[in-house]
Amino acid sequence: MTRSLTLLPRSLSFRRPSSARFYSLTTSLALVTPLLAALMAGFLYPVARLVALSFSGGTLSHYRRIFTEPLHLEVLFSTIEVAFIVTVASLLLGFPVAYLMAQLGKGLAMAVTACVFIPLWTSVLIRSYAWVVLLQRNGIINTLLVDTGPTEGPLKLIYTQGAVILAMTHVLMPFMILPIYSTLRALPPDYVRAARNLGAGPVRAFVAVTLPLSLPGVFAGSVMCFVLALGFYITPALVGGPNSMLMATLIGQQTTVLLDWPFAAALSTVLLAVTLLFVLMFRRTLSLSKGLNSVY
Amino acid sequence: MTAGEFVSLLGPSGSGKTTALTMIAGFETPSAGRITIGGQDVTFLAPNHRNIGMVFQKYALFPHLTIRQNIAFPLRMRGRMQKTAIARRVEEMLELVQLSEYAERYPNQLSGGQQQRVAVARALAFEPPVLLMDEPLGALDKKLREAMQFEIKRLQERLGATVVYVTHDQDEALTMSDRIAIMSDGRLMQFGTPTELYRQPRTEFVADFIGRMNFIDGDCLDCTAEQTVVRLSERTVLNLPSAANERTRRYNAGTALRLAIRPERMRLTKRGDGGADALPGIVDAAVFIGSTYIYLVRLADRPDASLQVQIAADGVTPFQKNDDVDIVLDGAAAHVFPVMERCAA
Ligand SMILES: Nc1ncnc2c1ncn2[C@@H]1O[C@H](COP(=O)(O)OP(=O)(O)O)[C@@H](O)[C@H]1O
Ligand SMILES: [Mg+2]
């Protein structure tokens with residue numbers, strides 16, 4: 001087993017492609033060239049242009065603006081905060097679902113998997129609007145609350161940070177569930193049996209064996225959720241208010257309303273840097289846990 | 001089973017050996033029957049309260065824990081021991097399996113044989129009175145396997161543990177066990193000492209499974225408590241002592257029977273020297289393997305039936321291919337079984 005690390009559990013990773021044994025280097029290169037070309041043209045080049053744009057005029061003035069105006073830093077921190085809360089919430093809600101899916105028999109597991117996947121296939125826009133319908137001033141939840149009487153008048157649910165976190169957790173949860181599920185699924189039942197045999201009750205067996213062995217999936221899911229949450233645009237734009245602005249919304253505002261492209265580019269670069277920083281931190285954490293490293 | 005005994009479950013793969021262990025360990029509940037250990041009914045007891053050590057087929061060492069932590073696991077889970085006592089016990093176990101230098105490694109950094117020893121150490125750390133082992137040596141190469149067989153046996157004798165050992169390797173079962181349970185299709189076929197199983201197989205399956213065995217089909221002429229007369233062909237009729245029919249089953253004349261005899265319980269003579277109950281045959285192949293000759297002999301008037309005969313090589317003049325011979329059976333060592341009705345496909 002190589003010592004190289006991957007954030008994805010084995011079942012999702014492409015670390016040791018067995019087809020490499022059948023194809024020559026030239027064929028392999030020929031096969032990946034279209035993808036590489038598309039990546040270069042559609043991703044690397046625009047990102048490079050963006051970064052270049054943020055330094056336009058040969059100054060750091062845009063960056064100075066970000067780090068001196070409290071508003072921008074506040075948005076950055078609140079973005080990180082929201083992404084963090086969303087990741088933790090997805091983990092807490094998603095892990096039991098993934099565990100259930102891995103435990104259930106084939107038929108039932110399919111049903112639960114469908115429940116996880118179908119929202120994923122539904123447009124984010126629709127799912128976000130659904131939350132608007134649910135949470136608005138005279139939406140279902142407020143009507144229910146007022147009618148059954150726990151509250152006097154309708155509550156302010158929509159256009160709050162809470163609403164953003166709720167809706168984003170909902171949208172991003174499948175990205176947490178799937179990697180955890182695939183890790184748990186790949187876990188041989190013998191480990192839990194061994195733990196039970198050696199004297200652990202069901203709960204202790206879970207804590208001492210299943211949970212640590214599912215960590216690669218947890219890490220993969222968390223990174224995906226966190227990274228996606230950092231750059232999330234539609235949902236916060238729809239259910240969030242002016243007081244709960246996130247980086248993506250701020251960048252959108254700069255490009256479409258204020259037309260300050262260099263500044264938007266600087267904001268994007270900062271967000272990109274922050275994202276990369278977190279990904280590296282995650283990987284570092286994972287590589288430090290030696291035992292886990294030896295699992296996958 | 002009696003305490004301190006080494007019992008093997010032996011059977012082809014898919015015969016329910018693992019399933020049987022799984023039920024003893026408590027991961028599955030039997031649909032019928034009871035499991036008792038030391039007089040206590042444990043049929044519905046949770047696995048963690050059974051106090052049974054188990055070595056899994058693929059070891060199931062916890063990959064996220066070091067060797068030391070793996071061995072300490074059962075002691076920590078029981079929670080009755082002080083930290084220092086646990087540490088001492090783990091040291092002892094590591095020494096017992098000679099892996100002290102590897103304590104801080106992770107299971108995937110160890111070879112198969114070392115992992116197997118860790119699995120044994122972990123299963124023995126809490127001194128269970130009963131130890132289950134599921135084909136623990138299946139993944140090892142021949143040489144290592146033989147060394148480990150010896151090792152396991154030595155450990156078991158030293159600790160006085162009762163062992164249920166699953167294997168599909170009959171040599172392993174024969175050399176290690178006090179008694180062997182032969183399994184087939186989820187059923188127990190026969191339970192006895194290695195010698196009993198070898199000398200007195202009660203079914204054709206057991207006869208075939210343990211050691212090498214020749215089978216010849218024939219039918220019954222006269223099968224009573226006193227004698228068993230089997231007709232192999234028009235001209236060949238065998239008169240065996242009653243011992244062959246060891247369940248003293250009576251068969252009606254004409255019943256299809258299958259005669260079983262081990263290669264080493266036959267002799268070869270020149271054609272005509274074999275006496276009344278000899279079977280005339282023709283040597284098809286002769287192989288010298290040092291201590292013995294192995295002959296493949298075709299029956300003269302039953303070209304479909306071929307017997308393997310094993311003869312000690314000291315001083316006898318060997319027969320050649322195509323020699324005409326007589327096969328002399330040790331009638332007391334032969335067995336007859338009813339031919340099971342086979343569904344024609
Ligand atoms: N007594 C039995 N009753 C019903 N099913 C059985 C029984 N014994 C074994 N099986 C089934 O046979 C299959 C193979 O059994 P297993 O114990 O894994 O075989 P082995 O370990 O001998 O190779 C399993 O799917 C098991 O459910
Ligand atoms: Mg098995």
Side-chain angles (χ1 to χ4, degrees), chain A residues 1-11 13 15-16 95 102-103 105 180 182-220 285-296, chain B residues 18 21-28 45-81 86 104-110 115 118-119 121-128 130-134:
Chain A
M1 190 140 301
T2 55
R3 305 285 299 167
S4 82
L5 260 178
T6 171
L7 283 169
L8 296 177
R10 179 163 28 193
S11 46
S13 78
R15 187 149 44 85
R16 264 200 304 188
F95 194 101
Q103 296 293 310
I180 298 179
S182 85
T183 314
L184 286 175
R185 194 82 220 221
L187 208 64
D190 271 2
Y191 290 137
V192 174
R193 287 181 160 192
R196 297 295 311 275
N197 171 256
L198 294 170
V203 177
R204 292 194 80 177
F206 177 82
V207 174
V209 175
T210 315
L211 200 58
L213 290 180
S214 71
L215 282 185
V218 169
F219 272 108
T285 321
L286 194 58
S287 69
L288 284 181
S289 50
K290 246 189 135 194
L292 279 180
N293 192 359
S294 66
V295 183
Y296 292 99
Chain B
T18 301
L21 275 203
T22 309
M23 288 189 294
I24 302 174
F27 308 134
E28 272 170 49
L45 194 65
N48 46 318
H49 294 131
R50 290 198 183 194
N51 213 24
I52 293 176
M54 178 154 182
V55 177
F56 287 77
Q57 194 160 2
K58 289 176 191 138
Y59 312 141
L61 297 178
F62 303 125
H64 60 298
L65 302 180
T66 60
I67 301 313
R68 184 189 300 285
Q69 290 166 332
N70 261 286
I71 297 175
F73 190 90
L75 307 172
R76 281 201 300 120
M77 288 302 131
R78 279 175 168 67
R80 280 189 231 111
M81 279 170 89
I86 291 183
E104 305 310 326
R105 302 230 188 148
Y106 286 89
N108 75 332
Q109 297 170 315
L110 264 56
Q115 289 184 26
V118 176
R122 187 178 69 173
L124 289 176
F126 58 106
E127 299 183 325
V130 179
L131 183 64
L132 311 178
M133 305 177 109
D134 191 356

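Because the structure is a prediction, the values reported are computed rather than measured. In what follows, chains are A, B, ... by sequence order, proteins preceding strands, each numbered from 1.
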**Asked** What distance do A/Asn197 atom CG and B/Phe73 atom CZ have between them, rounded to the nearest 0.5 Å?
**Response** 10.0 Å

**Request:** Check each atom of B/Arg122 against the heavy atoms of chain A and say whether the ones under 4.5 Å are side chain, backbone, both or neither.
**Result:** both

**Request:** Drop me the distance from B/Ile71's CD1 to A/Leu198's CG, to the nearest 0.5 angstrom.
**Result:** 11.0 Å

**Item:** Per-residue contact mode, B/Leu132 against chain A (heavy atom under 4.5 angstrom)
**Value:** neither

**Asked** Which pair of non-hydrogen atoms, one from A/Gly199 and one from B/Asn48, has the smallest distance, and what is that distance?
**Response** C-CB, 3.5 Å

**Request:** For each of A/Pro202, A/Ala194, A/Ala205, A/Gly201, tally heavy-atom pairs with chain B at distances under 4.5 Å, and name the one with the top tally.
**Result:** A/Ala194

**Request:** Decide yes or no for A/Arg193 and B/Thr22: does some side-chain heavy atom of the first lie under 4.5 Å from some side-chain heavy atom of the second?
**Result:** yes

**Prompt:** When rounded to the nearest 0.5 angstrom, what distance separates CZ in B/Arg76 from CZ in A/Arg204?
**Reply:** 7.5 Å

**Asked** Which atoms form the tightest heavy-atom contact between A/Tyr191 and B/Phe62, and what is the distance?
**Response** O-CE2, 3.3 Å

**Item:** Region of A/Ala195 in contact with chain B, defined by heavy-atom distances below 4.5 Å
**Value:** both

